[in-house]
Protein chains: 2
Amino acid sequence: MEARRDVFQAIADPTRREILDLLSGQPLNVNTVAERFDMTRQAVSLHVKILSECGLIVLRQQGRERICEAQLDKLREVAQWVERYRQFWEQHLDSLEQYLDHLQKQKKHGRKK
Amino acid sequence: MEARRDVFQAIADPTRREILDLLSGQPLNVNTVAERFDMTRQAVSLHVKILSECGLIVLRQQGRERICEAQLDKLREVAQWVERYRQFWEQHLDSLEQYLDHLQKQKKHGRKK
DNA sequence: TCCATAGGCAAGTATTTGCTTGCTAATATA
DNA sequence: TATATTAGCAAGCAAATACTTGCCTATGGA
């Protein structure tokens, strides 16, 4: 459970997405994060490690606690990649809209069931 | 190499992102896609299978060829997820801008090095 | 000072990934 | 019809993933 420190890889795991979600609300220490999940502290700790290694969260020591704070700048990379293809789904939405419009008009001119 | 058919998982692999990129330009058959990569046809074929199973590409049989066509609607899911955190990186950009502005002003009022 | 709490490290396991080689089937073309 | 091309299937493999259990070290409060 190591080696790849890439944002796309990091957010591929649903648990890690949940952790980010949790931390986007407020910073939490490792154990508190772990409590929210149905797995051992170690498992969560590893996810936290991966997230921090790829820069999506920042860890700061506070006494005996390690506070995890979301640092979501790196998500911009993902946003930019996806953005390149926005036209593809918007195009499809457009034709769906047109189709619904078409249905709407058909409904207006007679044959109301 | 199976089991998970999830968009986030699908785009986690750089080869698969490249395949999508390639196909967003124009539809291609499996072998043509495979030629662009430095790995066996089988390996690419598996990536294509995964992409089609999670709905990011559509396969259509044409004689003995299988044409792969990008179908990027599913990326909206990713876009929406990332969008929720846009404020986080834009916020940071803002404070960076403010900081740069600050520097700029400092430069103007005297002490030009 | 003693003990509970926070949390890291290491080893072990099952499953999934990413890729290979070898083979077969179907469709085109000479 | 014989041959080349497209592409799937199956088995095999090393590495990575996603976990676990067990242990050990700090820090902080009673």
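Only this structure's heavy atoms are used, side chains among them; waters, hydrogens and symmetry mates stay out. The sequence lines fix the lettering, A, B, ..., with proteins before strands; numbering per chain opens at 1.
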From CG of A/D13 over to C1' of C/dT17, roughly how many Å is that when rounded to an integer? 14 Å
List, one per line, each side-chain donor-acceptor pair under 3.5 Å for residues 18-30 of chain A, sequence neighbours excluded.
{"residue": "A/D21", "atom": "OD1", "partner": "B/R84", "partner atom": "NH2", "Å": "2.6"}
{"residue": "A/D21", "atom": "OD1", "partner": "B/Y85", "partner atom": "OH", "Å": "2.6"}
{"residue": "A/S24", "atom": "OG", "partner": "A/D21", "partner atom": "O", "Å": "2.7"}
{"residue": "A/Q26", "atom": "NE2", "partner": "A/L22", "partner atom": "O", "Å": "3.4"}
{"residue": "A/N29", "atom": "OD1", "partner": "A/T32", "partner atom": "N", "Å": "3.0"}
{"residue": "A/N29", "atom": "OD1", "partner": "A/T32", "partner atom": "OG1", "Å": "2.3"}
{"residue": "A/N29", "atom": "ND2", "partner": "A/E65", "partner atom": "OE1", "Å": "3.0"}

Just verifying a value: how many Å separate A/Q71 CD and A/C54 SG, rounded to the nearest 0.5 Å? 11.0 Å
Heavy atoms, side chains only, cut-off 4.5 Å: are B/D73 and B/R76 in contact? yes
For the pair B/R66 (side chain) and B/L59 (backbone), establish whether a donor and an acceptor sit closer than 3.5 Å, ignoring hydrogens and angles. no
Should A/R66 be listed as having a side-chain N or O under 4.0 Å from OP1 or OP2 of C/dG8? yes
Does the side chain of B/M39 come within less than 4.5 Å of B/T15's, by heavy atoms? yes
Under 3.5 Å, which N/O atoms of the protein pair with N/O atoms of nucleotides 27-30 of chain C?
{"residue": "C/dT27", "atom": "O3'", "partner": "B/R64", "partner atom": "N", "Å": "3.4"}
{"residue": "C/dT27", "atom": "O2", "partner": "B/R64", "partner atom": "NH1", "Å": "2.9"}

Are any side-chain N or O atoms of A/Q62 and backbone N or O atoms of A/R64, one a donor and one an acceptor, separated by less than 3.5 Å? no
Interatomic distance, A/W89 atom CH2 to B/Q80 atom CD [nearest 0.5 angstrom]: 8.5 Å
Between C/dT17, D/dT20, C/dG18, which one does the side chain of B/Q9 approach most closely? C/dT17
Answer yes or no: does a side-chain N or O of A/S45 lie under 4.0 Å from OP1 or OP2 of C/dG7? no
Among C/dT21, D/dA7, D/dG8, find the nucleotide with the atom closest to the side chain of B/T40. C/dT21
Path from A/I67 to A/V33 over hydrophobic side-chain contacts below 4.5 Å: no
Polar atoms only, N or O, under 3.5 Å: list the protein pairs with nucleotides 22-24 of chain D and their distances.
{"residue": "D/dG22", "atom": "O6", "partner": "A/Q42", "partner atom": "NE2", "Å": "2.8"}

Identify which nucleotide among C/dA6, D/dT20, C/dG18 has an atom closest to any side-chain atom of B/R16, counting heavy atoms from C-beta outward. C/dG18
Establish, with yes or no, whether the OP1 or OP2 oxygen of C/dT17 is under 4.0 angstrom from a side-chain nitrogen or oxygen of B/H47. no
Hey, is the main chain of A/I11 close enough, under 3.5 Å, to the side chain of A/R17 for a donor-acceptor pair? yes
Per atom distances to the B/N29 side chain, the nearest of D/dT6, D/dC9, C/dG7 is D/dT6
